[in-house]
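Encoded as structure tokens, the structure appears first; notes follow it.
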Amino acid sequence: MSIIGVKGTHDVFGSESCEFSFVENVMKRICEFFAFSEVRPPVLEHSELFIRGVGEGSDVVRKEMYTFDDKGNRSLTLRPEFTAGIARLIVQNKLTNLQELPIKMYYCGPVFRYERPQLGRYRQFNQFGVECVGHSNPVADVDVISLAYTILQSLGLENVTIKINTLGDEESRNNYKVALKEFFAKHIDKMCPDCKQRLELNPLRILDCKVPEDQEIVKDAPKMSDYLTESAKEKFKFVLDLLESMAIPYEVDDTLVRGLDYYSDTVFEFHYKSSKGNNYGAIGAGGHYDKLIKEVGGPDVPGVGFSFGVERIVSVLKDDELFPEDIYNGLDFYVMPMGVKSQASAVAVANAVRMNGYSVDMCLDDVKLGSMFKRADKKHAKFAIIIGENEIANSKVVLKNLRTQEQLDVDISNLRDTIDELFHECECCCGDDCECECCDGDCDCDCDCDHDADGHKCCCHNHDKKEN
Ligand code: AMP
């Protein structure tokens with residue numbers, strides 16, 4: 001019997017790989033505009049980190065962790081989320097002493113949760129997120145929400161709803177927990193076994209219960225907003241006012257509590273409904289945390305962060321057909337050696353063109369030219385380079401434009417310049433008043449497509465290559 005992938009995992013390949021890379025690259029670029037830098041914590045951490053950091057009362061820790069003892073009898077866990085690991089990384093490397101605060105980091109990679117697999121819910125999935133650690137100014141909360149919103153907008157996701165709430169400070173939450181305990185104690189006999197445990201460990205978690213009968217009870221539970229201290233209320237108002245002044249739309253949702261125990265004050269989720277009406281639920285979520293860094297042995301400094309589910313964002317973009325067409329067409333040249341004797345020259349030509357900044361693949365089989373053209377077509381190659389014994393004898397290759405079918409003989413010594421010229425003969429341009437710097441104003445194509453919003457959409461591949 002053949003071996004299949006583990007339940008709840010999925011393979012990413014082919015065009016989907018292009019989609020994942022596109023999403024992650026947009027996210028990375030925008031994080032860098034916001035002065036966040038990349039961090040790559042390990043997948044494996046001591047289980048204790050998540051028990052203390054994420055919280056014993058959370059579903060993630062109680063039911064969903066991939067935990068095992070290693071050969072040295074250490075309890076290790078495959079990270080179920082990034083934030084606790086990043087807190088550990090910051091503390092262990094003493095970054096709060098060594099770096100200017102706040103420390104601003106972004107991450108991307110797989111996380112593991114033993115959940116019931118279903119549409120959009122995996123056991124191994126990818127998260128992209130940020131953490132901003134070490135500053136108590138609530139402007140940091142808004143900066144992080146604004147970063148997430150900018151990413152979603154840049155991906156073309158217009159129908160995003162930002163749900164936001166506050167969990168208040170410690171005093172607010174302690175008062176609220178007492179009220180919740182009192183309320184749920186009267187109903188707990190009728191509630192699910194999970195809620196019975198939640199009542200003991202953290203009654204806030206009951207608000208998250210998905211059992212319909214329990215949700216009916218939750219509807220009448222006390223509201224967080226009635227238990228906020230004045231300073232927690234003020235902080236939340238500050239955040240909302242700032243979001244408004246930045247024209248970032250939001251909906252206050254006083255049932256939003258988030259599933260990880262470290263959150264305090266501002267919490268938020270990004271929800272999306274596709275234009276076909278498919279509801280993807282939360283495509284990302286995050287919030288402020290006051291005690292996490294201290295909890296894992298660091299100084300008493302707060303942080304704020306969010307995390308996107310990359311799989312969900314890829315699905316949403318697919319559903320709304322928002323992936324740009326050109327993310328799939330990677331191949332510039334397909335090199336076709338005619339006969340085994342031409343293969344050595346073909347490899348040399350392919351490498352020379354690659355070194356010039358173009359993507360090049362080569363046919364490794366000794367097959368007929370027609371078959372090689374079919375392969376080039378399947379790979380969406382823009383040009384073919386054909387090399388036969390005659391060409392080698394004359395130090396030439398045949399260069400064929402696979403869209404227009406035009407072809408020309410080129411001296412190998414001129415190949416580089418000819419290719420640059422071909423790519424400079426752009427597919428698109430911007431009319432006569434192009435101000436982009438790529439072609440010093442003397443690009444002579446005359447199509448009339450629009451500039452990018454920033455006025456700098458470049459007309460020619462040549463420029464793209466040099467920029468990359
Ligand atoms: P969380 O760390 O629970 O706040 O989740 C952050 C984001 O990760 C969510 O908004 C989802 O988009 C995504 N996500 C969470 N759990 C899963 C899962 N099991 N499979 C796929 N994506 C998930």
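Numbering of ligands and ligand atoms starts at 1, following listing order. This is a predicted model, so every value here is computed, not measured.
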Does ligand 1 come near enough to [X] that some N or O of the ligand is less than 3.5 Å from an N or O of the residue?
X      : result
Phe125 : no
Glu115 : yes
Tyr122 : yes
Phe308 : no

Sorted by chain and number, sequence neighbours left out, ring pair (Phe, Tyr, Trp, His ring centres under 6.0 Å) with Phe373 holds for none
Measure the acute angle between the ring planes of [X] and [Y], then classify it against the limits of 30° and 60° as parallel, tilted or perpendicular.
X      : Y      : value
Tyr328 : Phe323 : perpendicular
Tyr106 : Phe128 : parallel
Phe306 : Phe308 : tilted
Tyr107 : Phe82  : parallel

Taking only heavy atoms of [X], which atoms of ligand 1 are found under 4.0 Å from at least one of them?
X      : value
Arg113 : 1 (P), 2 (O), 3 (O), 15 (C), 16 (N)
Gly120 : 20 (N), 21 (C), 22 (N)
Gly284 : 10 (O), 12 (O)
Ile283 : 10 (O), 12 (O)
Ser307 : 6 (C), 7 (C)

Is the side chain of Asn165 donor-acceptor paired with the backbone N or O of Leu256 at a distance under 3.5 Å, no angle test?
yes
Nearest-contact summary for [atom] - protein heavy atom, Å:
atom                    : value
atom 13 (C) of ligand 1 : Gly309 CA, 3.5 Å
atom 9 (C) of ligand 1  : Ala282 O, 4.0 Å
atom 4 (O) of ligand 1  : Arg258 NH2, 2.2 Å

Say whether Gln127 and ligand 1 are in contact under the criterion: heavy-atom distance to a ligand atom below 4.0 Å.
yes
Does ligand 1 have an atom under 4.0 Å from some heavy atom of Arg312?
yes
How about Tyr66 and Phe68: are their ring centroids closer than 6.0 Å?
no
To check you understand the geometry: which heavy-atom pair defines the closest contact between Arg173 and Gly168, and what is its length?
NH1-O, 2.6 Å
Could you tabulate the donor-acceptor pairs under 3.5 Å formed by side-chain atoms of residues 291-305, not counting sequence neighbours?
{"from": "Lys291", "atom 1": "NZ", "to": "Asp300", "atom 2": "OD1", "distance (Å)": "3.2"}

